[in-house]
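Structure, as structure tokens:
Both counts, for ligands and for their atoms, begin at 1 and track the order of listing. Computed from a predicted model, the values in this text were never measured in an experiment.
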Amino acid sequence: MNIATATRALLDELVRMRTEGTERIYIDEKTIRDLELLLNSNAASTDSGNESSDVSRERTAKDSLGSEIKQKKDITITDHPSTIVKPSKEVESKLPSPPILDIPKGNKSEQWKWLEDKVLNCETCNSELNPNGKIVFGQGNLNADLFLCGEAPGADEEIEGMPFIGPAGELLIKILNAMGLEREKVYLGNILNWRPRHNQSYGNRPPTKEEINFCLPYLKAQLKIVQPKIIVALGKTATDGLLGHDPKRRLSHVRGKWYEFSGAPMMITYHPSYLLHNPSKTSKRRVWEDFLLVMEKLEMEISEKQRGFFL
Ligand code: URA
């Protein structure tokens, strides 16, 4: 097995564990040394001669994984792409109490504008941004039947200031298209309004409980304004944010079932990033079955072809 395949297998396993609810794993010194030896021996064997682009890609992955492992013994797992980043002491901050929001009277559009203004001018949200990052507020149809809630903006989103425009977002839109919906028909929100800062050169860090609690009133206010018929919680962070953190909760147990949030039925499913890492037919089918339930609840027409996707 080459180093890229082995790294991919390791990453997939970490993502699977995260999806199952594992939040921390311990790596002992010997394992770290063994991994370093493995990475070093691979470097030695590829040092001579011309490297194919595959090998040089492998080396890039290996180099970053190697330095990452040197820095960490305690790894936080998230279902986002290339994300094995734990909040370090430097990025852990003390946030003020969550905002108290009193939505003014008015139509949905006026209320949403008021809220957007609050979020864009939120001192805490702005102080948590990466140097070139923007706040990412929810976006979409204010009369949407369907409100999809993600975790937090990623690298692409914080640059554009728009939710779900990176690879996970593209996949989410493909799922919506398969349901017969367009991006413009739904509302896309996130638990967090900013991309959580961390001190690694790549990857995403899952939001802390404190960050989730701080931003929750903003998400709840968006739900209050949109009043969707159905909420879909994408992944563990969205689920924990909306239902409250429960260390015993396993996404594999709660997905595909109906819950309730703010009086609206809520479906839990895997985050599209999970599918990017686990593109097996089984994972795709599971997510698709969750969305079939959503379609049924929304009384959307479902063709035989749609019913059979990923079978
Ligand atoms: N993942 C999320 O959870 N939200 C985004 O906006 C993008 C990626």
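- Residue contact check: E151 has heavy atoms under 4.0 Å from atoms 2 (C), 3 (O) of ligand 1.
- S283 and S280 form a side-chain donor-acceptor contact under 3.5 Å, judged by distance and modelled atom types alone.
- In this structure, a donor-acceptor pair under 3.5 Å is present between the side chains of Q139 and R183.
- Residue-level proximity to ligand 1 for E157 is carried by the side chain, the only part with a heavy atom below 4.0 angstrom.
- The aromatic rings of W194 and F214 sit tilted relative to each other, their planes meeting at an angle between 30° and 60°.
- Ligand 1 has at least one atom lying under 4.0 Å from a heavy atom of H271.
- For E158 and N130, the side-chain atoms include at least one donor-acceptor pair closer than 3.5 Å.
- With respect to the salt-bridge test (charged N to carboxylate O, under 4.0 angstrom), the residues E299 and K229 do not qualify.
- Using a 4.0 Å cut-off between heavy atoms, A152 contacts ligand 1 through its backbone alone, with no side-chain atom that close.
- Between the side chains of T269 and D290, at least one donor N or O sits under 3.5 Å from an acceptor N or O.
- Annotation for ligand 1: atoms under 4.0 Å from non-hydrogen atoms of G150 are 3 (O).
- Interface atoms of ligand 1 facing P163, defined by a heavy-atom separation under 4.0 Å, are 6 (O).
- Of the polar atoms of F164, at least one N or O is found under 3.5 Å from an N or O of ligand 1, judged by distance alone.
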